[in-house]
Protein chains: 2
Amino acid sequence: MTAHAISIYEDFPLTCQTCPARHDGICAEIDDDELLRIGRIKRYQKWGAGETIAIEGGSLPFVGSVVKGSACLTRSLSDGRVQMVGMLLPSDFVGKPGYKTASYEITAISNVTFCTFDTVSFKKFLGSSSGVSSRLLDMTLNDLDNARSWMLLLGRKTAREKVAHFLSLLFQRVRPRLSPLRCTLPLTRDTIATYLGLSLETVSRQVTALRRDGLIRLENNGRTMLCDDLSALRLAAGETTLD
Amino acid sequence: MTAHAISIYEDFPLTCQTCPARHDGICAEIDDDELLRIGRIKRYQKWGAGETIAIEGGSLPFVGSVVKGSACLTRSLSDGRVQMVGMLLPSDFVGKPGYKTASYEITAISNVTFCTFDTVSFKKFLGSSSGVSSRLLDMTLNDLDNARSWMLLLGRKTAREKVAHFLSLLFQRVRPRLSPLRCTLPLTRDTIATYLGLSLETVSRQVTALRRDGLIRLENNGRTMLCDDLSALRLAAGETTLD
DNA sequence: CGTAGGATTGATGATGTTCAAAATTGGTGG
DNA sequence: CCACCAATTTTGAACATCATCAATCCTACG
């Protein structure tokens, strides 16, 4: 969101063999031979925190996976209202093979590295690799399920439930170490609000309310969250199924 | 939503050659040879209006496309709040190849016919048909884009904008004949409300307001809508891009 | 020590929900 | 043909929730 972002911030050795997404992303199901083939058409690209990677309806000449860092997807109305519609974490894929236009704005949250492919070459590659295409379909269907779960949150949950839901997702990503679960937010209140379809003040108030009710504790000026009882938090989020 | 639905309501001759979804759905990109192959594993299944096809987290042993009629996808909270998360129209696909569990409730809106495949056999078939799998990926990515557009609507649009958006989508599906555009709703106010994340009373009030403002006209006890100026309606919906 | 960015808190008002009642329509049977 | 019934829609009034505007607090950092 801030200006003065940088395009190249760091160099580190990165190959398909050392890729953090090797066993989670689109390459999860393929063997070393195929990895070699896809490796020949990849190209790493980096963006600095806050930089805009693509704008809604603008050019997006590549598809690719996040290797390191995170980014967010947003859609907006002409008067400035913004809704986050997705978050990209390591191994997540973005873009439409064969198309060169972005459906939403893509912004780097932190410094981020993508493993990218020319959108047309990648579509061609898909035709020759049932491993990658079946995995990509699977991942996309999961994204669709997640988007639809978020629709339930946006359309029907209360502010309190929304914030509790967001936090419980956060804690579930932390390795389930001994409690308390501890998590330092990479996002500001404003970004969380954009994600949850709320105002930043409402997010702040609900965080305070959850703290008052003993469901979470805060540290570090409200940027680090602690949770002693995740199931209680999930209950406050209106969650029923254990996914 | 009503009881007393029927499972078999009508028989009509249906083959891949006469299939209404032949050139829109997952078979759009394949030739007659491949059509023959996929035709061997298909099985038509029918449900009556209002019938439940699958429940959230329940068994869904098939994947498939709508051939005729329509169905809706919903997710709900334990206290009864419901959010529609998608609508299935002819040529739309549902289900996850290789998996047998539904992520949401699937309900027939009207009498509906699906062209179904055993979820495991279909996954196998995908591996042997790059035409179907590339088309299915494309369709799923479009579904994902649509779901994310709907997230913007649910999270940020006002009730008036939501209803105007819904109606303009409706009118855009009608063949752009001479105005006025005319459309008879297959949905009740209650269903529309479930779709838009509103109460049915608010939907009714906003429809009235749009009529009062001359953006639409009503017939047939509010179940048939007329529109003289689609672009005005789209403006009221907060739409900017022409998609 | 001062400043800037982010977070919190307070007061007020707009928007949409809820509960309740009345109006409209299509279908059914006398 | 008409009266009645059920389902749906519309309308009204009171209320709850969340957004907005504004001020203040906190912390990291120069």
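All chains are named by letter (A, B, ...) in the order of the sequence lines, taking the proteins before the strands, and each is independently numbered beginning at 1.
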Contact letters for nucleotides 16-30 of chain D, in which S counts primed atoms plus P, OP1 and OP2 and B counts the base, heavy atoms under 4.0 Å: --SSBB-----S---

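Residues B:Lys96 and A:Asn142 have side chains that bring a donor and an acceptor to within less than 3.5 angstrom of each other. Under the 3.5 Å distance criterion, with hydrogens and angles disregarded, no donor-acceptor pair is assigned to the side chains of A:Arg182 and A:Thr224. Residues B:Thr188 and B:Thr191 bring a donor and an acceptor atom of their side chains to less than 3.5 Å of each other.
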Evaluation steps, side-chain contact (heavy atoms from CB on, under 4.5 Å), between B:Arg148 and B:Leu152: CA-CA 7 Å; B:Arg148 285 171 166 167; B:Leu152 173 64; over 6 Å; no

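We find that CD1 of B:Ile192 is positioned 13 Å from P of D:dT8, with the value rounded to whole Å. Summarising the geometry, the separation between CD on A:Glu219 and P on C:dT8 is reported as 14 Å, rounded to the nearest angstrom. As rounded to whole Å, 10 Å separates atom C1' of D:dT8 from atom CG of B:Asp190. Between the CG atom of B:Leu218 and the P atom of C:dT25 there is a distance of 12 Å, rounded to whole Å. Note: CZ (B:Arg189) to C1' (C:dT17) measures 18 Å, nearest angstrom. Going from atom CD of B:Glu161 over to atom C1' of C:dG16 covers 14 Å, rounded to whole Å. Atom C1' of nucleotide C:dT15 and atom CG of B:Leu196 are separated by 16 Å, given to the nearest angstrom.
Electrostatic pairing of B:Lys157 and B:Glu239 counts as a salt bridge here, judged by a charged N lying under 4.0 Å from a carboxylate O.
Taking each heavy atom of A:Glu219 and A:Leu226 in turn, the nearest pair found is OE2-CD1, 3.4 Å.
Across all strands, A:Ser204 comes closer than 4.0 Å to base atoms (heavy-atom distances).
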